[in-house]
Each structure stands twice: as C-alpha cells, then as structure tokens.
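Please read the structure below before turning to the comments.
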Number of protein chains: 2
Amino acid sequence: MRVIVFGGDGFCGWPTALHLSAQGHDVAIVDSLVRRQWDVELGTQSLVPIASLWERLARWKAVAGRDIRAYVGDVCDAEFLYGVLRMEHPDAVVHFAEQRSAPYSMIDRAHAVYTQVQNVSGTLNLLYGIKEIVPACHLVKLGTMGEYGTPNIDIEEGYIEITHHGRKDVLPYPKQPGSMYHLSKVHDSHNIHFCCRAWGLAATDLNQGVVYGVQTPETLLDPVLYNRFDVDGVFGTALNRFVVEAAVGHDLTVYGRGGQTRGFIQIADTVRCVQLALEHPAGAGEFRVFNQFTEQFSVEDLARRVSAVAGRLGLQARVAHVENPRVEREEHYYNAAHTALVALGLEPHLLSEGLIEDLLHLALRFADRILPGTLLPTVRWR
Amino acid sequence: MRVIVFGGDGFCGWPTALHLSAQGHDVAIVDSLVRRQWDVELGTQSLVPIASLWERLARWKAVAGRDIRAYVGDVCDAEFLYGVLRMEHPDAVVHFAEQRSAPYSMIDRAHAVYTQVQNVSGTLNLLYGIKEIVPACHLVKLGTMGEYGTPNIDIEEGYIEITHHGRKDVLPYPKQPGSMYHLSKVHDSHNIHFCCRAWGLAATDLNQGVVYGVQTPETLLDPVLYNRFDVDGVFGTALNRFVVEAAVGHDLTVYGRGGQTRGFIQIADTVRCVQLALEHPAGAGEFRVFNQFTEQFSVEDLARRVSAVAGRLGLQARVAHVENPRVEREEHYYNAAHTALVALGLEPHLLSEGLIEDLLHLALRFADRILPGTLLPTVRWR
C-alpha cells in the first residue's frame, strides 16, 4: 500500500513510518520539522538524542534495505501539499502533522490561535486535497481521547445511540475537550465527518489515549533510528515524566489529587493500531472512530507504579501532589469503550514492571541531558 | 449598558446596533467592512442601496440624537481588538463579526479555510480579550440552528440529558453541521463553552434560525439608515430570495424536494432577542444556549406562501424545484425547542401575508437593481 505519513518526524509519526515500512508498505513522510523548532522555542530537548530526518532515512535504508521518501513542508501550504499528493498518489494517508501539546496551546492567546489555525487548516487542506486528487484515499487521522472529556456516562467510540422523547437516533458522541489543543481535535473531527457525509470520503479517526514508552522494535535497531523522548512539562506525558523524575531523584509530581483517569497506550501498540486501521480501511462515505488505548489508569495509580519499580532499583521516588495547572475534574467517573481495534486484531501490550524498568534505565542512561528547570508545569490554564 | 456590536455594519448587526442605541444603551460598532468587499468579489449588491457606515452613523445622530462610536478593523487583528476593549470597557459585547454564508464557505478550499480561520480566530481573540481586559463582560455570540443539523430526535437548547447504561449526564447537544460555515460555528461553540468552564467567562450563544425580512422600526426612520437586502444565491436566504424571484417573474427556486424544515425568525425579532439576552445576562462561568427562532417551516411551504401572496398582487410566481446544490436531507424529522427567549419576554412576530406583501413591494421598488445572473445557486457542495 502507498502510504504518506504526515508528521512522520515526530514522536508517534517516526515509529509509525518505520513500522509501516517494515511491514512492506511503500511509505513517504511529510513533515515541516517544526516540532524540533518548538524545542528551541521552549529551551527543551528530547532526552534521547535524535538524528536529523535525513540521517534517519539513510540509516533506515542501510539497516532495513527499504526506502522512505520525504518531503519537508507544511500541510497548511496547500500548493506544497497538493504537489505531494499528485506526486505520491497514496492509497492512504496517516495524519499526525498537528501541534499536539495541551500546555503549548494554553501558553497564551497567540499559541492558542496558532494551534487551532494550524491544526484545523492543515486537516482542511488534506481533506480538499484528497477530494480533488485522490478521492478513494483512506484518511487515518490522529484524534485524542481528550475530545470526550470526563462525562458521567460511559464513553463510546465516536457515536452514541440516544433515545429522547420516545424517538431514537445515533449521533456523534458529545464532546467536552479540556484545552485549546483538545478543542482543535474536536474541530477536526467535525470537519472530517462532514467531508465523509458530503463528499463520500473514507476516514478513520483514532482517538488515542495518553502514549507512554519511547522505542519500538524498529527504532531500537540503531541509535540513529531512536525515537524522541519528551520529558518536559509542556510536551512530556504522565508516565514518561514520572520515570524521568524518578531517575533524577525528584518527587513524582502528580497534578492535584491525581484521581484524573485516562486511557493509556504503549507507543509500540500505537504503530500497530495505525497498521490495523490502514489494512482494514473505512468504506466510502464512512467516518469511523476508534478509541485507541489499551488500559485505564488514574494519574495517582501510575505514579505509584513508577515509584514502586524505582524503589526496587534503589531510586528514591516519592509521590507528591502539586497544584494542578489545568482546569479538570480530579475525581470523576470514567469508563471508555475500546473494542473496535481489538476486534480488528490488536493484541494489547499492557503496562508491565519490565517496561517501567526499561524506561528507567533509558532515563538513567541519558540523565545528564535532563534540563531540571523544564520538568515542572509552567503553563497554567486560568 | 456599554455594548460593543462586532459586525455592526452587517445585515443583523446594523439593525441590532440601532435598536440597542434606541433602547438607551451606549453602543459602539466594530466592523472590518469586509461584507461590502464580498459583494465586490461576487459581483452582487444589496437590493436596497446602503449608505456608508459613516453616513449611517451621522444620520442616526441627526434622526435619533444618539451617538454610536465606530472602529473599523478586524477582530482577527488582536492588537486592534485589545485596543478597542481597553478604550470601551464594555459591559457586554455582541459578536456578529463572522463570515456567515454557507455557500460562500463552500466555494472552494480557500474560501473554506478562510471562513473557518477567520471565524474561529476572531472569536478566540475576543475570548482572550475579554479574559484579559474585561473578565466580567457578557459575551453574546451569534450561533446558528444549523449547528444541530437534522437529527431524528427533538433538538434542545444547547444541551441534552442522556441516560446511558443506567447512568445520567447533561451534555452538549451533538452537532451535525452541513457546511464549512456551519462547522465554524460549531467550533466557536466548543471554544466558548471551554472558556466559560476554564476561566469563568459569561456567554450566551444565540443559535439563530434563518432570518427573513429586511427593515426594523429604526432602519425605516430614514433611507440612509436602510438595512441591506441580500437576494443572491450566495448571501440571500430562502424567503427573501423567493420574494425577489416573484417580483421579477422568476420561478421560485426550491432546492430539491423542499421538505427541508428549519426554524425562521424575523429580523425585527432578532434585534429584540439580542436585547433580551443582554438585559438578562448569563452568570459567571455560564455558557447559555438559546435557540433563536419563532416558527418552523419547510422550504416548500415558504415558497407556496410567497407564491400565494404574489398571485394576489398580480405577479406570476410558480414554485419550481431545482437540483439541490447542497448535500442535505430533503425529507426529515424536525422539532426544535425555542422557549428560553420567550421565557425572557420575547413576543414573537410570526410570518404574515402583510410582511410578505411589504417585502414584495420593497423588491418591486428596487427591481431595476436585481442582477439576474446572481439569483440562482452557483456553489455546489459536492
């Protein structure tokens, strides 16, 4: 299958591109490389040093014997994007090319507008490009479980059957996103759904949970292929941040009471989920939503697990509660469906002590690259 | 009350500004005047000639003895917008300053992206401006009934109580908008809702139905105060277009089978609804949604009513069905709640033969300004 991975230089995009290439798909990457610029802006860096996109691709060719083409440019530049679609004529595209940090989107007005304009326009350009150039192309889009918020009823996969005043309909699941970033994903979902209804496009929205872990079998083949490891308060996610805090003897900083419960998924499962969505495509006119996570944890629970494993390695890692920089419920009901990807064949890799230990070793190995001032949250919602 | 009307030079904004000023409020208008530029772009014009904003304001001062301040600039220009908020320190703002035509948003990719970026960024700027400069200011935002689409259950005012697997919650009503423009309003609603939850802003979203009629008691005081009358296939709305078609002996062009049912409201009621929302503001942290229409009609029904009145005036006006340029259900269930504004005191002005007759006379008076090529739809959804 000819696949373009938009955002193929990023944390999810890079291992996905390698995995699809390893599975025999013909892969191209499109990326503006702006993620690397945000590190420069924020004074942060990937804990694991990462090679340039060009070094990565050359090494992949050397190690795996497979070509991945790359185009450096912005999906918001429609002329560039249309040119790539005409050149590649993909059977499917995987769209990760968005600003994906909630705190980054909440820095100030300019970052909020940037995040929404960038994410929404890029996806709109892609939708029009598909319609005009490759109408049968399957769009696989990264959404987020954060689109749903924390309703007091079970979360379903994209839609819910509602009975009201004696009548019935299946409608889009109501959304209560919790940041300017999460809002941008909700906007995308509505836009994509409309294009499926109006133009007959085929799309799969992967509402992904919080991703943890760093490497996949492919990125581990060579240090030049290593994936990025974000540990700062802006781009780092819960479990990965806790591991790094444990490695440097810092308290594990749980935001607020820690009862916030979310769906989680390993990066190694992320790439398999994308593969499954691609190899079992949506039909024409279909807007399919999969909840892409494998387990639910509260933040407190995650911190305790990391603390326990760290303790056994002789690291002191106390669970501490810091003022929550976000506006969110800290105790709430949470039960989200996630059966569609399993039905397609996903065999979940659950969170194990071994994985936490591997991550701790990785963090210890690169501990001298940790920038201490960047671990704690600096962006406040209010 | 100190009120800014954003988009105060437009079809809804201008009569609203005059009405609020006549009611004794201290009104300022902010408008980029881009609506006049879209006429230039499309080769269309208001059927009723309209004066410049500056002539309008000078005449209002002469006729009513009241000042309305005006600022020409774009809400997407944050520096300009913040300056106005600092200068005016409003108690409330009414936000009409958006691209409001579904067909315009569906012209092509560029117009879709323009509509969403413009509408979403302008509203985001306003939300941040309120938060940072006038946090107690009440935001009254124009939404649209088109956000809901045509679900097979009753439409409620913004929220719906859902019972699911034995649990209950009140959640945002699911949205199924039918154009890039309608989508932009859904995006706005989610953004505003979030800012009320996260920052405690007070907002009222007026999900307005299709507006018909042209003048209000205030715009009728002097020809220089006349409101615009859009009759083209891009900016004209159903009833107003039918009246003009009848006036020139054209068939009344119903799109498709005509079973499309929508909520409708007179422009004279629009301005009163805004007044009611302003004078009974939302509380801090409250995101209130009112469905702003007074009656439901099918498009076919509306065309028949116009045809009947036209016939009595000796005009031949046959109801014809043209290919539907839109993608929408042409027969469907439709029953939308609209009691909140009535509870605040709205006394609806229902569609009367007298009003249709007045509109027909207005259309006949300016019939020589009708540009024949512009009445039929030129923008197709597919």
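Lettering follows sequence order; numbering is per chain, from 1. This is a predicted model, so every value here is computed, not measured.
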To check you understand the geometry: which heavy-atom pair defines the closest contact between B:V117 and A:S121, and what is its length? CG2-OG, 3.4 Å
Does anything in residues 254-262 of chain A get under 4.5 Å of chain B by heavy atoms, and if so which residues? none
A:F194 and B:H182: side chain to side chain contact (heavy atoms under 4.5 Å, CB included), yes or no, with the steps? CA-CA 10 Å; A:F194 169 74; B:H182 290 101; over 6 Å; no
With a 4.5 Å cut-off on heavy-atom pairs, point out which of B:H193, B:Q176, B:E132 contacts chain A the most. B:Q176
Using 0.5 Å steps for rounding, measure from the OH atom of A:Y114 to the CG atom of B:L124. 15.0 Å
Quick note, salt bridge (charged side-chain N to carboxylate O under 4.0 Å, His left out) partners involving residues 102-123 of chain B, not counting sequence neighbours, are none
Quick check: do B:W381 and A:R197 have side-chain heavy atoms less than 4.5 Å from each other? no
Does one side chain, of B:E156 or A:H164, offer a donor that lies under 3.5 Å from an acceptor on the other? yes
Where do B:P172 and A:P174 come nearest, in terms of heavy atoms and distance? O-CB, 3.2 Å
Segment of B:V186 engaging chain A (4.5 angstrom heavy-atom cut-off): side chain
Sub-4.5 Å heavy-atom contacts with chain A: which residues of residues 323-334 of chain B show up? B:V327, B:Y333
Nearest non-hydrogen partners of B:P151 and A:L171, listed with the distance: CB-CD2, 4.0 Å
List the atom of A:A112, the atom of B:Y128, and the distance in Å for their closest heavy-atom pair. CB-OH, 3.3 Å
Would you say A:S184 and B:H190 make side-chain contact, with heavy atoms under 4.5 Å? no
So what's closer than 4.5 Å to chain A heavy atoms on B:L127: side chain, backbone, both or neither? neither
Chain B contact via A:Y159 - which portion, at a heavy-atom distance below 4.5 Å: neither
Working to the nearest 0.5 angstrom, can you tell me the gap between A:T163 OG1 and B:I162 CD1? 10.0 Å
May I ask you to name which of B:N125, B:V120, B:V170 has the most heavy-atom pairs under 4.5 Å with chain A? B:N125
Which pairs, with at least one residue in residues 162-176 of chain B and sequence neighbours excluded, count as a salt bridge (charged side-chain N to carboxylate O under 4.0 Å, His left out)? B:E147-B:K175, B:E161-B:K168
If you count heavy-atom pairs under 4.5 Å with chain A, which of B:C76, B:G149, B:G178, B:A110 comes out on top? B:G178
Examine the side chains of A:N191 and B:H187 and answer whether a donor and an acceptor come within less than 3.5 Å of each other. yes
